[in-house]
Amino acid sequence: MSTVTKTRFAPSPTGFMHIGNLRSALYEYLIARSEGGKFLLRIEDTDRERYVEGAVEAIYRTLDMCGLRHDEGPDIGGPNGPYVQSERLHLYTEYADKLVASGHAYPCFCSEERLAVIRENEETEYIGYDRHCRDLDPAFVAQRIASGEPYVVRQKMPLEGETTFTDVVYGTITVMNQELEDQILIKSDGYPTYNFANVVDDHLMEITHVVRGSEYLSSTPKYCILYDAFGWDIPKFVHLPLIIGEDGKKLSKRHGSTGFEELVADGYLPEAIINMIAFLGWAPSEETREIFSLAELETIFSAKGINKAPAVFAYDKLNWMNEQYIRRLPSDRWRTMVKDIADPLFNEQPYSVDMLARVLRERVTKLSDIPEMIHFLTERLPYTRELFYNKRAKLDADVASNILNELYPKLEAVTVWDEASLSALLGQVCEETGRKKGQVMGALRVALAAQRVTPGGATETAMILGREEALERLSAAIKFLDG
RNA sequence: GGCCCGUUGGUCAAGUGGUUAAGACAUCGCCCUUUCAAGGCGGAGGCACGAGUUCAAUUCUCGUACGGGUCACCA
């Protein structure tokens, strides 16, 4: 076995990239990187019925967006290719033949109908399949195969004894061999099952750490028997606790977005998603910090810190993580994000992207919140007198009318419409009139926004809107209050 | 149901045979304040239960309960 740590991400192209899959990919990547090893990508497309067009592309896109670079894979090749299982069919039949020859597997001719019947009456002596074809006469078998009769290849499980293996996360696990079914290795269509292909490929590709979801824990003994039958070294197993929804059930559609690209479309940053799932079922023991970049995770990650219990995927925490990442984004990148979303909404209307980005930065949870938050800027909302009422600032429609009337000519006189002059002017007004800042600012802000709650205050809103629009809105507000 | 696995506040979690049992999210309060946020400070809230081992168990063992996984020609 190779001494260099090597892990693999082996998704099947059956749909979008689920958060659980991405978490597996992340841990596989981190285990490899943290030990200076290799990380490879393998496509497990042995189920032709569940194949989904475009799923492979989604896998590449996701890995790329998350920064999970692989060292070997279908797109970049490598020493152990091909990396797509449907291109390795001859290997599986070759290895299955060896198993049959050595007495570790056997052809089975049972029809699906017969299997269904067995499943119905639970009186069988064995677990699952009743081993009907396990000891057929070899000559008879050869004859039936020659005649073209369809068959599958099944693993011949030991009838007694027990199998023990050690998992990095779950420790030592032992099961009675009687509990193991003679599982199918090669399907009647000639394709291998996952149960067979994963063993052959992981060995051939020199995978040292088999990392996967804990749903595979119970079939791992069968894989161990397979490795033994071939005389292969058994790799280290790292089974990951499941990710579940807030109701304790397996994470699914009804819990919200569970696909990576779906979350991105919802306005979550890939970096935040990665950080979030890294901390689902794992935590560094030395530090209490929870914001880590992928590069930082690569150095601090250790399989030792992986928990055994299923973890709930909490959107609350994801939201917080996303806010943290938004705040840490380089200004120009954040500005571009805001601009891309705001431009089409403002359309021809001029506005200050810089001020908008600044104001939004501390207030946005996810990008998709933005349109609603800035709607009042692109649309003049109707005023109501109640809007101007604010108990704490001792403000109401009448007071607001006075303030705005005083303010209008002064604002109109402002030639340089920038933050410094605006706040200087407004501060001066407060001083001269003896009014509370909250009163003046509040009146102006509501006049500009026609909305009680806004991202940013009066001066910021005036800046975003620009001189012309701001003055027009102010004048409209006065007209409303006085009319 | 059989087999396997798990159980530290609502959630993610650190940790130990003797600790005031970290920290984060959420929640509540206060401060700050140009609304709302952000930020700062503080509060409430926990070792599932029962035995056993031990001078001492959250920590070790066994049961119970609860939860999850798995029992496919799917992965």
Side-chain angles (χ1 to χ4, degrees), chain A residues 10-12 14 21 44-47 49-50 108 110-112 115-116 119 122 127-129 150-154 167 169-171 173-176 178-181 183-189 191-195 197-198 212-221 239 241-242 244 246 248-250 276 279-291 305 307-321 323 327 359-365 373 390 392-393 423 426 430 436-446 449 451-461:
Chain A
S12 54
T14 52
N21 282 132
E44 306 213 328
D45 59 345
T46 56
D47 186 341
E49 287 175 14
R50 292 207 305 156
C108 166
C110 292
S111 66
E112 301 211 40
L115 297 178
R119 226 168 286 135
E122 302 162 14
I127 298 291
Y129 177 58
Y151 67 97
V152 301
V153 176
R154 286 184 183 271
D167 183 86
V169 174
Y170 289 90
I173 293 173
T174 300
V175 297
M176 305 297 289
Q178 290 139 31
E179 300 290 335
L180 308 175
E181 179 181 12
Q183 65 177 353
I184 292 176
L185 268 19
I186 303 286
K187 303 182 235 181
S188 57
D189 64 4
Y191 278 66
T193 57
Y194 167 84
N195 297 326
N198 94 81
R212 51 160 73 122
S214 64
E215 65 266 31
Y216 291 101
L217 211 45
S218 57
S219 33
T220 298
H239 285 93
L242 248 45
I244 56 181
E246 325 231 9
K249 298 278 190 286
K250 204 169 177 175
M276 172 71 193
F279 276 75
L280 263 190
W282 173 84
S285 57
E286 299 292 302
E287 273 191 85
T288 59
R289 178 164 63 115
E290 296 198 15
I291 299 296
N307 284 311
K308 299 182 180 71
V312 173
F313 187 83
Y315 289 89
D316 273 344
K317 187 116 182 197
L318 210 215
N319 284 341
W320 174 78
M321 286 258 178
E323 288 167 358
R327 274 175 231 143
V359 148
L360 253 22
R361 187 155 205 148
E362 304 290 298
R363 284 170 254 251
V364 170
T365 294
M373 291 173 80
N390 184 303
R392 202 176 67 164
S423 54
L426 291 165
C430 291
K436 289 274 193 195
K437 212 174 181 185
Q439 211 179 34
V440 175
M441 296 300 202
L444 178 57
R445 192 177 56 79
V446 172
Q451 188 168 281
R452 206 170 235 124
V453 175
T454 60
T459 50
E460 284 115 347
T461 306

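Here is the naming used below: chain letters follow the sequence lines, and residue numbers restart at 1 for every chain.
Nucleotide rA72(B) holds its C1' atom 15 Å from the OH atom of Y194(A), rounded to whole Å. rU34(B) atom C1' lies 12 Å from atom CD of Q439(A), rounded to whole Å. The CG-P distance, from L242(A) to rC12(B), rounds to 13 Å in whole Å. Between the CE atom of M441(A) and the C1' atom of rC36(B) there is a distance of 16 Å, given to the nearest Å. Here rC3(B) presents its C1' atom at 12 Å from CD of Q178(A), a figure rounded to the nearest Å. The NZ atom of K308(A) sits 21 Å away from the P atom of rG67(B) (whole-angstrom rounding). Taking atom CG on L280(A) and atom P on rA24(B), their separation rounds to 18 Å, with Å as the unit. The interatomic distance linking L444(A) (CG) with rU34(B) (P) rounds to 14 Å, in whole Å.
In terms of polar N and O atoms assigned as donor or acceptor, the side chain of E362(A) never comes within less than 3.5 Å of the base of rG39(B) in a complementary pairing. Residue-to-nucleotide contacts include no donor-acceptor pair under 3.5 Å from the side chain of K317(A) to the base of rA26(B). The base of rU35(B) lies outside donor-acceptor range of the side chain of R452(A), with no N or O pair under 3.5 Å. Between the side chain of S188(A) and the base of rC73(B), at least one donor-acceptor pair of N or O atoms lies under 3.5 Å.
If you check rA44(B) for Watson-Crick or wobble pairing at under 3.5 angstrom, you find it has no partner at all. In a base pair of the Watson-Crick type (N1 to N3 plus N6-O4 or O6-N4) or a G-U wobble (N1-O2 and O6-N3), with each distance short of 3.5 Å, rU54(B) is matched with no nucleotide. Checking rU70(B) for Watson-Crick or G-U wobble geometry (two distances, each under 3.5 Å) identifies rG2(B) as its partner. Pair assignment for rG63(B): rC49(B), on the basis of Watson-Crick or G-U wobble contacts that are both within less than 3.5 Å. Across all strands shown, rU19(B) remains unpaired; no Watson-Crick or G-U wobble contact has both distances below 3.5 Å. Across all strands shown, rC36(B) has no partner, as no Watson-Crick or G-U wobble contact with both distances under 3.5 Å is found.
Nearest heavy-atom pair, C110(A) versus L115(A), reported as atom, atom and distance to 0.1 Å: CB-CD2, 4.1 Å.
If you take atom C1' in rU11(B) and the same atom in rU27(B), they sit 12 Å apart, rounded to whole Å. Across the P atoms, rC62(B) and rU53(B) are found 15 Å apart, a figure rounded to whole Å. Taking the P atom of each, rG10(B) and rG42(B) are spaced 23 Å apart, rounded to whole Å. For the C1' atom pair drawn from rU16(B) and rU8(B), the interatomic distance equals 12 Å after rounding to whole Å. rG18(B) and rA57(B) are spaced 9 Å apart, taking the C1' atom of each and rounding to whole Å. Across rC60(B) and rG17(B), the matching C1' atoms stand 8 Å from one another, rounded to whole Å.
T454(A) and R445(A) share a donor-acceptor pair across their side chains, judged by distance under 3.5 Å alone.
Residue K187(A) places at least one side-chain N or O under 4.0 Å from the OP1 or OP2 atom of rA75(B). Contact between the side-chain N/O atoms of R327(A) and the OP1/OP2 oxygens of rG39(B) is found at a separation under 4.0 Å.
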Notebook entry, point to check: Going through the distances and angles, do V446(A) and R452(A) end up as a side-chain contact (heavy atoms from CB on, under 4.5 Å)?
Noted result: CA-CA 6 Å; V446(A) 172; R452(A) 206 170 235 124; 5.7 Å; no
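Among the heavy atoms of the strands, none lies under 4.0 Å from C430(A).
No more than 12 heavy atoms of other residues, nucleotides or ligands sit less than 6.0 Å from atom OH of Y151(A).
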